[in-house]
2 protein chains.
Amino acid sequence: MGDLVETEQLIKKTARDIFFQKGRLKATTQEIADEAGVNRALIHYYFRSREQLLQVVFEEAVAETRQKIAAIFESDLPFKKKISQYLDVFIDRNFRYPYMQNFIITEINQNPDKEDDYLNKKRENLCRTIFPQLNEEIKKGNMAPVKPEHFIANLMSMCSYPLVAKPILQRMFALDDDGYKTFLQERKQVIYKTLFNEAPPKE
Amino acid sequence: MGDLVETEQLIKKTARDIFFQKGRLKATTQEIADEAGVNRALIHYYFRSREQLLQVVFEEAVAETRQKIAAIFESDLPFKKKISQYLDVFIDRNFRYPYMQNFIITEINQNPDKEDDYLNKKRENLCRTIFPQLNEEIKKGNMAPVKPEHFIANLMSMCSYPLVAKPILQRMFALDDDGYKTFLQERKQVIYKTLFNEAPPKE
DNA sequence: GTCTATAAAGGGATAGAC
DNA sequence: GTCTATCCCTTTATAGAC
């Protein structure tokens, strides 16, 4: 509208909210335009296609988190402390964008080829950083032996699944929305304890 | 075609393969008809809508597994043995229907209201069966204390996430399809060990 | 930059002939 | 029971006026 140069930003912000906060993963360009209070054609004017809008919005939302996580694992904190901080970042991010994980899973399932576009090779690099640290920790006798792949799979599973399967677990445990929030917050401690079989460090 | 009364079954079988084995979760009625070698209109003749075809196929595929799992937890085996058997059933099922979990997650995300239709209250009952057994096991000192909800969440997470996030993990760990199969099979032992902090029982 | 109008494609569902 | 033809709705994308 009258906001001059801000229309592009407005569309991005609106899309981000719709997809990652409200979880309306099938939202149409019309829906986005309506909620932003702009004309549908403007979305194509600025972003060419729905596809590319998603791409941009996703990249931007993911960039900061990725930065933080890389910093954690490249620091010289003790390994377990790193995991503890990773859990903080993860839990934190998912209160701002509760449907990010759903978005990722849904997208890669509907078109596995697109994994490239959304999650480019950064993850591999992260593995190269973490695996040696993990093996070192095992060698020092600080944790039970486990293949790095399985440790990472366990970590990511226990973080992400309760988000993508929220409707299932929420009903199974008969929790209302607030109850489920509490449940998710408790998970930081639980995951740490499950991975290392000991209570997490006090802050 | 000439197969007389078998057309309905043929359509169901084809749909089941497309969705749960091949993972083509967005398959259209046309696609299903083509692959079954029948006319598209027949799908509507037998099942009224794409929606209802899915419903039927899913229910049938899920029924047997649900039966088995209920039987396990209603038996009088030791609790840990039950979990061990649950893991067997789960892993086994997911080699027959590798995309079942993806289907569930994708469906409930695109329409959370439909959880009712697909996964009716049976799960709640299962919780009522398992929770007391779990608390008993903790009381007996056979495992570390944990809220039942988190134990179940951990179990389901570590089973399901590696399936729904296959493209992510596969690339992250640089595994080919066979490598990933092996990885999934290893998980039975890993999950048991992670949950109980001890090696699973020999068969 | 922003709007209206319209093209173009995809896919679910039904009517009616055979 | 099976097929063809058709309807109808949704949604993306663009052309062109303002």
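Per chain, numbering begins at 1; letters A, B, ... match sequence-line order. Only heavy atoms go into these numbers, but all of them, side chains included; no hydrogens, no water, no symmetry mates.
In this model, no side-chain donor or acceptor of B:R50 finds a partner on the base of C:dG11 within 3.5 Å.
When the side-chain nitrogen and oxygen atoms of B:Y46 are compared with OP1 and OP2 of D:dG1, one or more of them lie within a distance under 4.0 Å. Of the side-chain N and O atoms in A:T29, none sit less than 4.0 angstrom from OP1 or OP2 of D:dA13. A sub-4.0 Å separation between OP1 or OP2 of D:dT2 and a side-chain N or O of B:T7 is present.
The CG-P distance, from B:L53 to C:dG11, rounds to 16 Å in whole Å. Separating the OH atom of B:Y45 from the C1' atom of C:dA17 is a distance of 15 Å, rounded to the nearest angstrom. Atom CD1 in A:I11 sits roughly 11 Å away from atom C1' in C:dG1 (whole-Å rounding). Atom pair B:Q30:CD and D:dC3:C1' shows a separation of 13 Å (rounding to whole Å applied). Rounding to whole angstrom units, CG of residue A:L42 and P of C:dG1 are separated by 10 Å. Here C:dG1 presents its C1' atom at 14 Å from CG of A:L10, a figure rounded to the nearest Å. For the pair A:K26 NZ and D:dT11 P, the interatomic distance rounds to 9 Å; values are reported in whole Å. The distance between atom NE2 of B:H44 and atom P of D:dT2, rounded to the nearest whole Å, is 16 Å.
Relative to the six-membered ring of A:Y99, A:K22 misses at least one condition, a distance below 6.0 Å or an angle of at most 45° to the axis.
At a threshold of 4.5 Å between non-hydrogen side-chain atoms, the residues A:E64 and A:R93 do not count as touching. A:K166 places a side-chain heavy atom less than 4.5 Å from the side chain of A:D177.
Side-chain contact of A:E35 with A:T14: a donor-acceptor pair under 3.5 Å is absent, judged by distance alone.
For B:R40, whose side chain is taken as the heavy atoms from C-beta onward, the closest listed nucleotide among D:dT6, C:dC3, D:dT12 is D:dT6.
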